[in-house]
Amino acid sequence: MSRYKHILLAVDLTEESNEVAQQASALADSFDADLSIVHVIEPLSLAYGGDIPMDLSSVQDQIHDQAKSHLSEFASSLAVPAERQYLIFGRPESEIQRVAQCKDADLIVVGSHGRHGLALLLGSTANGVLHGATCDVLAVRVGRQEAQTE
Ligand code: AMP
């Protein structure tokens, strides 16, 4: 059976990415699907608008270089080749959807914290990706221990 052929794993490169990656990798193995990875860097100008009166381009370059090497290390641990590693600038939700569409992914795998209260109202990346995605989306619950002790 080959239900999914191309799985796109979205990672924020925090420690929790490992939990999400294990699920994506196991699914890719069981469906004999290709696995790709995307990490989106939010431009500082988007995050802070015009509020900081200085040139942020060198800081942005450093963030890019660090993210590139971190992504490459992370992807190698999952045996994902360089041509299936995507490092993009923009808003995570829309860029993850766009990469999935451009690269013909049929499943997006993201992490989800199962938020509640105010955080739920403010939304999450998983919610944002789900709304408007043109393929299936799997939200892998992360940080369970944290949620149980709250
Ligand atoms: P959040 O709702 O921001 O806590 O993120 C939940 C999940 O969304 C993460 O586990 C990732 O799968 C995905 N995600 C969040 N930020 C990014 C990002 N900058 N690039 C790629 N995926 C992301």
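Numbering of ligands and ligand atoms starts at 1, following listing order. Index from 1, following the sequence.
- With values rounded to the nearest 0.5 angstrom, Leu130 atom CG is found 11.0 Å from Leu138 atom CG.
- Checked for salt-bridge contact, Arg3 and Asp136 meet the test: a charged N lies under 4.0 Å from a carboxylate O.
- With ligand atoms numbered from 1 in the order given, ligand 1 contributes 2 (O) to contacts under 4.0 Å with heavy atoms of Ser124.
- Closest heavy-atom approach to atom 6 (C) of ligand 1 among the candidates Ala126, Gly111, Ala139: Gly111.
- In Leu9, neither the side chain nor the backbone holds a heavy atom less than 4.0 Å from any atom of ligand 1.
- Taking all heavy atoms of Val11, Val109, Val110 into account, the minimum distance to atom 21 (C) of ligand 1 is reached by Val11.
- Those atoms of ligand 1 with a heavy atom of Val38 less than 4.0 angstrom away are 21 (C).
- Counting heavy atoms of neighbouring residues, nucleotides and ligands inside a 6.0 Å radius, atom CD of Glu83 exceeds 12 of them.
- Using a 4.0 Å heavy-atom cutoff, His113 is listed among the residues neighbouring ligand 1.
- The two atoms that bring Ile96 and Ile108 nearest to each other are CG2-CG2, 3.8 Å, heavy atoms only.
- Residue Ile41 places no N or O, backbone or side chain, under 3.5 Å from any N or O of ligand 1.
- The two residues Val11 and Phe74 make their nearest non-hydrogen contact at CG1-CE2, 3.8 Å.
- Across all their heavy atoms, Gln97 and Ala133 have their closest contact at NE2-N, 3.5 Å.
- Here CD of Gln101 is found 4.0 Å from OG1 of Thr134. Values are rounded to the nearest 0.5 Å.
- Using cut-offs of 30° and 60° for the angle between ring planes, the His64 and Phe89 rings count as parallel.
- Geometrically, ligand 1 and Ser112 share no nitrogen or oxygen pair separated by less than 3.5 Å.
- Residue-ligand proximity, Ile96 to ligand 1, at heavy-atom distances under 4.0 Å covers atoms 21 (C), 22 (N).
- Near His39, meaning under 4.0 Å from one of its heavy atoms, ligand 1 places the atoms 19 (N), 20 (N), 21 (C).
- Contacts between Ala10 and ligand 1, counted as non-hydrogen atom pairs separated by less than 4.0 Å, involve both the backbone and the side chain.
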